Amino acid sequence: MADAGAAPPEEEHSGGPDDEREPDYRFTLANERTFLAWLRTSLSLLAAGVAIVQLVPAFTIPGARAVTGGLLAALAVVAAASGVLRWRSVETAIRRDRPLPAQRIPWVLAAGLVVLALFGLVLIVLRGAT
């Protein structure tokens, strides 16, 4: 007769590269929270792009608002798409007990924001010079 307090026997795994197991739910939920942070970042970038185009007065350089808004919207798309891809790859790594994948997208977003900040600085200097 089996002991009522004994844990169920472990499932045997073949150990293959595609062998998945159900992870500790806390890791899955942490991965989901990170994904939602990527989406919040994307929404913030998109809102900033719309605000630049719709609410900010014209810059001294013609078309600068459209370029700035467009770049912010493009970064929003990158953030949303990479958030989904990152969530899926991390979930797969967790389920297969593999190392987490390298993450390069924060560098892309940071570089894009640096370019936008420098462009903004140029616009501020030009506005002050006129």
Side-chain angles (χ1 to χ4, degrees):
M1 189 152 111
D3 180 15
E10 290 287 323
E11 292 181 25
E12 291 192 27
H13 296 288
S14 63
D18 293 333
D19 189 26
E20 291 189 2
R21 62 177 179 74
E22 190 63 30
D24 183 338
Y25 70 91
R26 292 173 291 186
F27 297 121
T28 299
L29 293 175
N31 189 30
E32 184 178 336
R33 284 190 301 274
T34 302
F35 168 65
L36 293 172
W38 279 97
L39 291 183
R40 283 190 302 273
T41 300
S42 176
L43 284 170
S44 298
L45 289 166
L46 185 57
V50 170
I52 289 287
V53 171
Q54 295 296 319
L55 304 175
V56 173
F59 295 136
T60 54
I61 299 174
R65 281 190 313 175
V67 169
T68 304
L71 288 173
L72 285 165
L75 286 176
V77 170
V78 168
S82 42
V84 170
L85 296 174
R86 174 74 180 170
W87 171 80
R88 187 177 64 190
S89 64
V90 168
E91 191 69 21
T92 300
I94 290 170
R95 290 181 177 277
R96 294 182 182 172
D97 201 23
R98 292 189 174 164
L100 296 179
Q103 192 172 2
R104 294 177 187 87
I105 291 300
W107 289 100
V108 173
L109 291 175
L113 290 174
V114 165
V115 167
L116 282 166
L118 291 173
F119 185 60
L121 183 62
V122 167
L123 291 172
I124 289 168
V125 168
L126 289 176
R127 177 170 238 148
T130 58

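The shown structure was predicted, so the numbers you read here are calculated from the model rather than taken from an experiment.
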Please say yes or no: joined through hydrophobic side-chain contacts below 4.5 Å, possibly via intermediate residues, are [X] and [Y] part of one cluster?
| X | Y | result |
| --- | --- | --- |
| Ile52 | Leu46 | no |
| Leu126 | Phe119 | yes |
| Val67 | Val53 | no |
| Ile61 | Leu71 | yes |
| Leu36 | Phe27 | no |

Tell me, do Leu55 and Val50 make a side-chain contact under 4.5 Å, heavy atoms counted?
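Result no, sub-4.5 Å side-chain heavy-atom pair not found.
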Do Val108 and Arg104 have side-chain heavy atoms sitting under 4.5 Å apart?
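When only atoms from C-beta onward are counted, Arg104 and Val108 do not touch, as no gap falls below 4.5 Å.
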Can you measure from [atom1] ([X]) to [atom2] ([Y]) and round to the nearest 0.5 angstrom?
| X | Y | atom1 | atom2 | value |
| --- | --- | --- | --- | --- |
| Leu72 | Leu113 | CG | CG | 7.5 Å |
| Ile94 | Asp24 | CD1 | CG | 9.5 Å |
| Leu75 | Ser44 | CG | OG | 12.5 Å |
| Thr41 | Ile105 | OG1 | CD1 | 12.5 Å |
| Leu109 | Ser82 | CG | OG | 6.0 Å |
| Arg98 | Ser89 | CZ | OG | 12.0 Å |

Can Asp97 and Arg21 be said to form a side chain to side chain contact (heavy atoms under 4.5 Å, CB included), step by step?
CA-CA 8 Å; Asp97 201 23; Arg21 62 177 179 74; 3.8 Å; yes
For a side chain to side chain donor-acceptor pair (under 3.5 Å) with Asn31, tell me which candidate from Arg88, Arg86, Glu91 qualifies.
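The option that passes is Glu91.
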Could you go through Phe59 and Ile124, starting from their C-alpha distance and side-chain angles, then the distance that decides it, and tell me whether this counts as side chain to side chain contact (heavy atoms under 4.5 Å, CB included)?
CA-CA 9 Å; Phe59 295 136; Ile124 289 168; over 6 Å; no
Derivation and outcome, side chain to side chain contact (heavy atoms under 4.5 Å, CB included), residues Arg95 and Glu22
CA-CA 6 Å; Arg95 290 181 177 277; Glu22 190 63 30; 3.0 Å; yes
Does the side chain to side chain contact (heavy atoms under 4.5 Å, CB included) test come out yes or no for Trp87 and Thr34, once each step is laid out?
CA-CA 8 Å; Trp87 171 80; Thr34 302; over 6 Å; no
State, to 0.1 Å, how close Pro57 and Arg127 come at their nearest heavy-atom pair, and which atoms those are.
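Closest approach of Pro57 to Arg127: CB-NH2, 4.5 Å.
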Nearest heavy-atom neighbours spanning Ala76 and Ser42
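Here Ala76 and Ser42 meet closest at O-OG, 2.7 Å.
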